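Read the structure below first, then the notes.
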Amino acid sequence: MRLHPTVTVLKTRAHSLAAALFALALPFLAGSCANQKKKGMKDTEVSATQENARPQGPWNAVDGNRLPTSVGTKDSYSKVNTSMPFVALTFDDGPHATNTPRLLDILKSRNVKATFYVVATNTRRYPEIMRRIVAEGHEIGNHTVTHGNLTKMSESEVRKELSASHEAIVAATGVAPRTMRPPYGAITSSQKSWIRREFGYPSILWSVDPEDWKKPGASIVANRLVSGARPGGILLVHDIHSASIDAMPSAIDQLLAKGFQFVTVTQLIAMDGKG
Ligand SMILES: [Zn+2]
């Protein structure tokens, strides 16, 4: 939904440009308007061509649907450039049988939307929880199948990890993930580049890591999230740990009290560079 305003802006710019040039050229050339309109339409045509040019992989075989258009303009984001008080809460490694539903209740009661970087073994095990995540307005991202270090894998192994996880998410929810997060944040710049080209995924890292996996206790996790949050920030939490879920009511309420609002990762990316 956040991509449409961008398209509208492009079209608006193209139209204003066309109108301005038309006014200038009117006394001289009757055909200039048509030419400018063609120029304006070209933006859309280029992106459609790029999408067609993307290699077709086995991940497209799930339902025959093509991958969605790439999110954002960069290969990777650890935060986005905005002064608006928006942050993205991200939850990795789930879904978990009890912790994720408990987290979903907490998010629902505060009307907070988040992004879940799920591991395919859990995606396949808990399809009902996956559907609940999507039904409640959250976003799903690809976090591979085996949760291995991608920098130690061959290109074909990485491709298999991402395509199998993509398929599992689509099979469970009917919704295609649009971003990926490399396990441990381990990824090379060349991997970021070809992954974005082939899958349309930007690689999503983070700006705040409370190291909740070390189990420092709920109040420390909450305080680290709150003190680290900045506009455009991406907050990393793991919803497989019970203490991390315990930290969320306090963390979310403190962030809301400070004026932050929560959006999903693709919504946050749509704000990049927009003030
Ligand atoms: Zn992980």
Side-chain angles (χ1 to χ4, degrees), residues 59 71 75-79 87-104 107 114-127 129-130 133-134 138-153 157-170 172-173 176-189 191-192 195-196 199 201-216 218 220-222 224-225 228 233-248 251 264-266 268-269:
W59 52 89
V71 171
D75 289 344
S76 181
Y77 296 86
S78 56
K79 61 184 169 66
V87 291
L89 256 181
T90 63
F91 296 97
D92 285 16
D93 300 355
H96 181 279
T98 55
N99 291 326
T100 305
R102 189 156 68 90
L103 169 64
L104 288 169
L107 298 175
T115 304
F116 290 78
Y117 286 97
V118 295
V119 173
T121 46
N122 294 329
T123 302
R124 295 181 187 125
R125 199 166 165 197
Y126 304 112
I129 302 176
M130 291 292 295
I133 292 171
V134 169
H138 306 292
E139 196 166 285
I140 306 271
N142 191 330
H143 199 42
T144 77
V145 179
T146 65
H147 203 273
N149 183 332
L150 300 185
T151 65
K152 296 193 160 68
M153 294 183 198
E157 284 172 325
V158 172
R159 189 173 286 113
K160 266 188 221 160
E161 287 276 350
L162 293 176
S163 58
S165 177
H166 187 102
E167 284 179 16
I169 293 166
V170 173
T173 66
R178 305 192 64 197
T179 64
M180 69 82 72
R181 171 169 282 158
Y184 319 105
I187 188 162
T188 67
S189 54
Q191 287 174 327
K192 286 175 181 173
I195 287 169
R196 178 173 159 79
F199 288 85
Y201 299 153
S203 298
I204 307 302
L205 301 171
W206 52 82
S207 58
V208 185
D209 177 6
E211 299 196 317
D212 62 325
W213 57 275
K214 290 184 183 168
K215 307 192 175 171
I220 290 180
V221 170
R224 286 175 179 170
L225 289 169
I234 299 175
L235 281 46
L236 170 68
V237 189
H238 296 82
D239 59 328
I240 50 171
H241 304 307
S242 181
S244 302
I245 312 301
D246 295 340
M248 293 325 296
T264 65
V265 164
T266 64
L268 192 71
I269 288 174

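Bear in mind that the values here come from a model prediction, so they are computed numbers and not experimental data. Position 1 is the first residue of the sequence, and the numbers go up from there. Excluded from the calculations below are hydrogen atoms, water molecules and symmetry mates; all remaining heavy atoms, backbone and side chain alike, are included. First listed ligand is number 1; within each ligand, the first listed atom is number 1.
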Qualifying residues under side chain to side chain donor-acceptor pair (under 3.5 Å), relative to Ser242, sequence neighbours excluded: Arg102
Taking just the N, O or S atoms of Asp93, which one is nearest to the Zn ion (ligand 1)? OD1
Does either side chain, that of Asn122 or that of His96, offer a donor lying less than 3.5 Å from an acceptor on the other one? no
Decide if atom NZ of Lys79 counts as having more than 12 heavy atoms of other residues, nucleotides or ligands within a radius under 6.0 Å. no
Do any of the N/O/S atoms of Asp92, backbone or side chain, fall under 2.8 Å from the Zn ion (ligand 1)? no
Would you check if the Zn ion (ligand 1) lies under 2.8 Å from any N, O or S atom of His147? yes
Give me the one residue out of His166, Arg196, Arg178 that meets side chain to side chain donor-acceptor pair (under 3.5 Å) with Tyr201. His166
